Amino acid sequence: MDLGLKNKVALVTGASRGLGFATAHQLLLEGVRVVINSRSMEKLEKAADKLIKETGGEVLAVDGDMADPAVPEKLITKTIEKFGGLDLLLTNAGGPPSGAFETFDDAAWEKAFHLVFLSHVRLIRAALPALRKSDAASVLTVTSISTKQPITNLILSNSLRLGTVGLTKSLALELGHEHIRFNSILPGWTVTERVTDLLGTRAQVNHTTIEEEERKQAAESPLGRMATPEEFAKAAVFLLSPAASYLTGVMLPVDGGMYKATL
Ligand SMILES: NC(=O)c1ccc[n+]([C@@H]2O[C@H](COP(=O)([O-])OP(=O)(O)OC[C@H]3O[C@@H](n4cnc5c(N)ncnc54)[C@H](OP(=O)(O)O)[C@@H]3O)[C@@H](O)[C@H]2O)c1
């Protein structure tokens, strides 16, 4: 199947490693020109070099903290300066800290709100003028399976990501008539450095090992394992692509069947 992505332009935030990096990699393999972002220029440059070496594609690295209100405009300006437009947007950043309800004060909730929710709002707002000019405009917000089923010790993610799901669905309804598609991808447990860190914390709390925690978590999925970042990225690239032209307002779990409810 031709995904119809050749020569399109994508902006992928939170992309020096993990899910964002894997998605940038798959987009480049499809002939997309890709802007990658994260907070550290050093990490981004290494990531860009690797992406170019492995795919032969065109990559621009732009640093900036997605929790900073000024960053989205900068990312869009640089994207347009370099590639002349924007077709595909993956809104993503690092996750909030783990912890239970009583470990977080108002300041911690507010900080997480900026990262987990407002970053999506601001980036989509900044991108809309460029997306309106595209013939393949598509936005994919990265949220979490925690929006379906809370994850132990992740109260910030469990609570705030529901806002991003509501935002995504609302935008699909509000802007469908302008032919801009909005979907969200809900990763389950995918083997990235963040997950290794989270399982490390669990191992400390439970007096076990990371390997033991990995085994327990993998057993939660009918497939008996966690996902690879590449498996996440392939689903993300399909949803972003013109091949998914009649899919909007979809909240897609990529969780190996871990979420057990019928609806
Ligand atoms: N992996 C999973 O199983 C899973 C499951 C559910 C949800 N998620 C969510 O999906 C997102 C990506 O997860 P991941 O596993 O790929 O995480 P990760 O391995 O920690 O990678 C996060 C990426 O985002 C960048 N980043 C972090 N904070 C940023 C910020 N404020 N502004 C811009 N870039 C930032 C990081 O680079 P710098 O350090 O250079 O900024 C890095 O490139 C997270 O929000 C996570 O909570 C992941």
Side-chain angles (χ1 to χ4, degrees), residues 11-26 34-48 50-51 59 61-72 74-75 90-99 111-120 122-123 140-165 184-202 213-214 217-218 220-221 225-233 235-236 251-256 258-259:
L11 168 59
V12 181
T13 59
S16 64
R17 68 180 201 187
L19 305 182
F21 178 86
T23 307
H25 189 269
Q26 290 299 319
V34 180
V35 181
I36 56 170
N37 149 270
S38 84
R39 293 165 300 182
S40 151
M41 199 56 188
E42 196 188 332
K43 288 188 204 164
L44 265 184
E45 276 171 354
K46 278 194 193 138
K50 192 166 190 281
L51 288 170
V59 180
V62 186
D63 62 343
D65 186 334
M66 285 303 298
D68 175 346
V71 165
K74 167 180 152 181
L75 292 176
L90 184 88
T91 64
N92 174 51
S98 58
K111 191 169 177 216
F113 174 69
H114 279 261
L115 178 68
V116 173
F117 180 71
L118 270 185
S119 62
H120 299 270
R122 293 183 183 126
L123 187 55
L140 187 59
T141 59
V142 177
T143 53
S144 173
I145 198 64
S146 69
T147 61
K148 295 272 189 196
Q149 186 170 284
I151 298 174
T152 308
N153 211 38
L154 274 181
I155 186 100
L156 295 174
S157 173
N158 294 342
S159 308
L160 297 170
R161 288 194 193 283
L162 282 160
T164 308
V165 162
S184 190
I185 188 157
L186 284 45
W189 288 80
T190 314
V191 184
T192 65
E193 288 174 57
R194 171 168 168 82
V195 158
T196 306
D197 290 348
L198 288 175
L199 292 177
T201 307
R202 274 196 190 172
E213 294 302 326
E214 273 172 2
Q217 195 54 62
E220 291 288 310
S221 156
R225 62 177 177 83
M226 295 193 216
T228 65
E230 190 184 350
E231 288 175 310
F232 166 90
M251 310 297 135
L252 182 72
V254 180
D255 68 339
M258 190 189 85
Y259 174 61

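Ligands are counted one by one from 1 in listed order, and the atoms in each one are counted from 1 as well. Since we're looking at a predicted model, the values are computed, not measured.
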Using a 4.0 Å cutoff against the non-hydrogen atoms of Arg161, which atoms of ligand 1 qualify? 9 (C), 44 (C), 45 (O), 46 (C), 47 (O)
For Ala93 and Leu115, work out which heavy atoms get closest and say how close. CB-CD1, 3.8 Å
For Leu186, which of Leu252, Thr147, Asp255 qualifies under side chain to side chain contact (heavy atoms under 4.5 Å, CB included)? Thr147
Classify the side-chain pair Arg122/His114 by whether it contains a donor and acceptor separated by less than 3.5 Å. yes
Atom 12 (C) of ligand 1 [closest protein heavy-atom partner, distance rounded to 0.1 Å]: Asn92 OD1, 3.3 Å
For atom 8 (N) of ligand 1, what is the nearest protein heavy atom, given as residue, atom name and distance? Pro187 CG, 3.9 Å
So which bit of Thr143 gets within less than 4.0 Å of ligand 1, heavy atoms only: side chain, backbone, both or neither? backbone
Numbered atoms and elements of ligand 1 in range of Ser144, under 4.0 angstrom, heavy atoms: 6 (C), 7 (C)
Answer yes if the side chains of Ser184 and Thr141 hold a donor-acceptor pair under 3.5 Å, and no otherwise. yes
Taking NZ in Lys74 as the centre, count heavy atoms belonging to other residues, nucleotides or ligands within less than 6.0 Å. Is the count above 12? yes
Counting only heavy atoms, which portion of Ala47 has something under 4.0 Å from ligand 1: side chain, backbone, both, or neither? neither
Would a 4.5 Å heavy-atom cut-off, applied to side chains only, mark Arg194 and Asp197 as touching? no
Can you measure from CG (Leu140) to OG1 (Thr91) and round to the nearest 0.5 angstrom? 7.0 Å
Residue-level breakdown please: for Leu115 versus ligand 1, do any non-hydrogen atoms fall below 4.0 Å on the side chain, on the backbone, on both, or on neither? side chain
Within the 4.0 Å heavy-atom shell around Ala15, which atoms of ligand 1 are there? 43 (O)
Short list, please: which atoms of ligand 1 are under 4.0 Å from a heavy atom of Met66? 30 (C), 31 (N), 32 (N), 33 (C)
Within ligand 1, which atoms have a heavy atom of Gly18 less than 4.0 Å away? 16 (O)
I need the atoms of ligand 1 closer than 4.0 Å to a non-hydrogen atom of Gly94, numbered in the order shown. 24 (O), 26 (N), 27 (C), 28 (N), 29 (C), 35 (C), 44 (C), 45 (O)
Considering only protein heavy atoms, which is closest to atom 16 (O) of ligand 1, and at what distance to one decimal place? Leu19 N, 2.8 Å
Among protein heavy atoms, which sits nearest to atom 29 (C) of ligand 1, and what does the distance come to when rounded to 0.1 Å? Arg39 NE, 3.5 Å
What distance separates Lys50 NZ from Phe21 CZ, expressed to the nearest 0.5 Å? 4.5 Å
Nearest non-hydrogen contact to atom 38 (P) of ligand 1 from the set Gly188, Gly14, Ser38 belongs to Ser38
Any side-chain donor-acceptor pair under 3.5 Å between Ser146 and Ser157? yes
Distance filter under 4.0 Å to Asp65 heavy atoms, resulting ligand 1 atoms: 30 (C), 31 (N), 32 (N)
Option among Leu44, Leu11, Val62, Leu90 that satisfies the side chain to side chain contact (heavy atoms under 4.5 Å, CB included) test with Ile36: Leu44
By number and element, which atoms of ligand 1 are closer than 4.0 Å to a non-hydrogen atom of Val195? 1 (N), 2 (C), 3 (O)
Measure across Ala112 and Leu160 and return the closest heavy-atom pair with its distance rounded to 0.1 Å. CB-CD1, 3.6 Å
Gly64 to ligand 1, any heavy atom closer than 4.0 Å: yes
For ligand 1, does Thr192 get within less than 4.0 Å through its side chain, its backbone, both, or neither, judged by non-hydrogen atoms? side chain
Quick one: which of Met226, Arg194, Gln217 has a heavy atom closest to atom 46 (C) of ligand 1? Arg194
Atom 43 (O) of ligand 1: the protein heavy-atom neighbour that sits closest, reported with distance to 0.1 Å: Ser16 OG, 2.6 Å
Which residue holds the protein heavy atom closest to atom 20 (O) of ligand 1, what is that atom called, and what is the gap in Å? Arg17 NH2, 2.8 Å
What part of Asn37, side chain from CB on, backbone N/CA/C/O, both or neither, has a heavy atom under 4.0 Å from ligand 1? side chain
Does only the side chain of Lys43 get under 4.0 Å from ligand 1, or the backbone, or both, or neither? Count heavy atoms. side chain
Starting from atom 44 (C) of ligand 1, which protein heavy atom do you reach first, and at what distance in Å? Ala93 O, 3.0 Å
